[in-house]
Amino acid sequence: MHTRERSSGYVNGRTSSYDSEDEEIRIDDDSEDEDQGPKRTRSDRHKQALPPPPPPPPIGPPSIKYLPSSLEEAQSTYQQIDHNIYRGTNTGNSPVDDCLPCQCKYNPHRDPRWKACGPDCINRNLLVECIEDDCPCGSYCLNRRFQTKQNARVDVVKTEKKGYGLRAMEELSSGTFVMEYIGEVLPHSSFIKRTREYSLAGVEHFYFMSLQADEVIDATKKGCLARFINHSCNPNCHLEKWVVGSKLRIGIFTIKRVAEGEELTFDYQFERYGAEAQKCYCGEPNCTGFIGGNKRSSAARFDNYSNLDEVEDEDEIDLENQMSLRHPKKEKGNDGDYQDEYEQRRIARGIEDPLLVEKLARIMFMKPKVEKSKRLLAKLMATTERACLRRFLVLHGLVILKAWLKHYKDEPDIIEGIMLVLPNIPLLSRNAIEDSQIDEAIQEIAEGPECASKGMARDLLTQWKELKPAYRIPKAKKPVSVFFLTCILVQYLRNCPI
Ligand SMILES: [Zn+2]
Ligand SMILES: [Zn+2]
Ligand SMILES: [Zn+2]
């Protein structure tokens, strides 16, 4: 305890002395400049003699860099597990069943390392990890951070007001995978049961994290170090949901550069469930004072399970906000509100920036709920920018739409919307159709019962018939293994008449 206070005082003291030195230097510099200018008056000199004003209090959270490690003590409070434990027969499944391998190409003798499923990898952009056997880059693939546990080096410390916290032990650039949020994956019924059990047992801290609709990761009793990451109103990390094989998993990623010794934080607002809204001690200038504390508060979500999938809407809000930034806002109306702007936002606008298509494809890939899907589809229908539609195609757009045709088969509005989008996709050859096999799904609609989409499906198939397949570069043949050659030789010798 004493050590901690001393350490923290040392950090603050150092900051202050640096600030005052800086101030003195500035005054000296000023006086030199003034010597060459007009003569100074007595009152000026008097002002100079005054001691420098005290430095402003440090802005931002208190440093935890020099706090002693509490790793062992913290780890004794729960059971450490390396993989999610799935409770119930059908939990943690990814909503995506058709995954195509990415199109990365990597030659270890010629290409820079990042070419092996680095930032340009389609799968990475869709938040899907490659599977080694499917990936064209094989064991060189860099897009397997969950599977290979490429965790950042971290430590646990006991903070002054927030309990345990997680500290970075190395500098981390923006977009770095910190670690997976691991725990027990619970279906709805078990989640409700657990909350009652914990309340009765007087458990103070719950560690529930929304995974997907009706599913929660509980790291209260079994989990990993990620459970110690505190909330901040100005966080340096966020959560991403990744498809890894057949499972959906949560990873913590940095969203800005993190210095060595800095505390790792994320915004609990959309992600975590607690018994009630808590006071926030993040220390950031924009701190709202509470974790939660508005209609999206953890308390409200805890009581109302139907809001559990709210986290999905964060993506949509984010996409909408980024699109708004690219459009001039409407003036405030005479009646003093922004009704017009709100109404305008409700009307679907097309996407004009290929970078935002990535975001749209990522959300569509996860097959959201019906109403949200309709809104997303409306954005795609309104998109006319060729570069954006082309980008959608490259990001497995046809695979996504094929999955949607199957998933929303009982939603005629969505099927019709897809039929309106497909003719706009700029196809240069038949290859993307063959790879995705979307034509089989369209054929079914064309031959199915009478509906608005039936005629459109027929027209589409006629349009696609005109397309020619493009030349494909043949895959390099694998070298024949020595074992295989030996077998042939043995076989040959056996058959040889001596
Ligand atoms: Zn790749
Ligand atoms: Zn890969
Ligand atoms: Zn705060």
Side-chain angles (χ1 to χ4, degrees), residues 57-64 94 96 98-108 110-150 159-163 165-166 175 177 229-238 240 242-245 249 251 255-256 262-272 274 276-294 296-299 358 361-362 365 391 393-397 399 435 473 475-476:
I59 297 168
S63 170
I64 61 161
S94 142
V96 182
D98 328 71
C99 280
L100 276 185
C102 65
Q103 292 159 5
C104 298
K105 290 185 183 73
Y106 175 68
N107 180 334
R110 194 188 57 210
D111 295 328
R113 190 71 184 88
W114 60 264
K115 280 265 189 184
C117 297
D120 295 340
C121 175
I122 298 170
N123 281 354
R124 184 187 279 258
N125 285 311
L126 288 172
L127 308 191
V128 177
E129 278 215 342
C130 292
I131 303 297
E132 187 179 330
D133 289 343
D134 297 339
C135 177
C137 304
S139 60
Y140 292 105
C141 171
L142 294 173
N143 181 30
R144 298 190 306 126
R145 292 172 290 182
F146 283 75
Q147 293 166 79
T148 52
K149 296 200 178 295
Q150 288 173 32
T159 65
E160 202 183 327
K161 292 178 179 166
K162 301 181 290 186
L166 208 64
F177 174 68
I229 301 183
N230 282 315
H231 163 87
S232 170
C233 299
N234 180 23
N236 52 22
C237 295
H238 75 173
E240 288 177 6
W242 279 64
V243 174
V244 185
R249 289 158 70 169
I255 49 171
K256 51 179 87 160
E262 207 178 306
E263 182 171 6
L264 294 160
T265 54
F266 69 86
D267 186 348
Y268 284 7
Q269 187 80 349
F270 291 98
E271 325 285 358
R272 263 207 20 198
E276 55 191 31
Q278 295 169 350
K279 194 161 169 25
C280 182
Y281 294 105
C282 76
E284 293 289 345
N286 67 330
C287 181
T288 55
F290 283 92
I291 302 173
N294 58 17
R296 290 176 184 277
S297 77
S298 50
E358 233 159 66
R362 205 181 274 175
F365 197 59
R391 184 76 190 135
L393 176 68
V394 170
L395 289 165
H396 295 327
V399 177
D435 289 343
I473 302 162
K475 275 194 175 176

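Whatever order the structure lists ligands and atoms in, that order sets their numbers, starting from 1.
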Exercise for review: Tell me, please, if Cys104 has any N/O/S atom, main chain or side chain, under 2.8 Å from the Zn ion (ligand 1)?
Suggested key: yes
Check your understanding: the Zn ion (ligand 2) as vertex, arms to SG of Cys141 and SG of Cys117: angle to 10°?
Key -> 110°
Exercise for review: Please note down the angle at the Zn ion (ligand 3) between SG of Cys282 and SG of Cys280, to the nearest 10°.
Suggested key: 100°
Review point. Would a distance-only check, ignoring hydrogens and angles, find a side-chain to backbone donor-acceptor pair under 3.5 Å from Glu263 to Ile64?
Key: no
Practice item. Flag Cys137 as yes if one of its N/O/S atoms falls below 2.8 Å of the Zn ion (ligand 1), otherwise no. Key: no
Review point. Going by atom types alone, do Asn230 and Lys161 pair a side-chain donor with an acceptor below 3.5 Å?
Key: no
Check your understanding: the Zn ion (ligand 3) to Cys233: any N/O/S contact under 2.8 Å?
Key -> yes
Check your understanding: Passes salt bridge (Lys or Arg N to Asp or Glu O under 4.0 Å), Arg391 versus Glu358? Steps please.
Key -> CA-CA 8 Å; Arg391 184 76 190 135; Glu358 233 159 66; 2.9 Å; yes
Review point. Judged by atom type as modelled, is there a donor-acceptor pair below 3.5 Å linking the side chain of Arg113 to the main-chain atoms of Leu142?
Key: no
Review point. Is the Zn ion (ligand 1) less than 2.8 Å from an N/O/S atom of Cys102, whether that atom is in the backbone or a side chain?
Key: yes
Point to revise | the Zn ion (ligand 1) reached by Cys121 (N, O or S, under 2.8 Å) | key: yes
Review point. So, Asp267 side chain and Pro235 main chain: donor-acceptor pair closer than 3.5 Å or not?
Key: no
Check your understanding: Do the side-chain N and O atoms of Thr148 and Gln150 include a donor-acceptor pair separated by under 3.5 angstrom?
Key -> yes
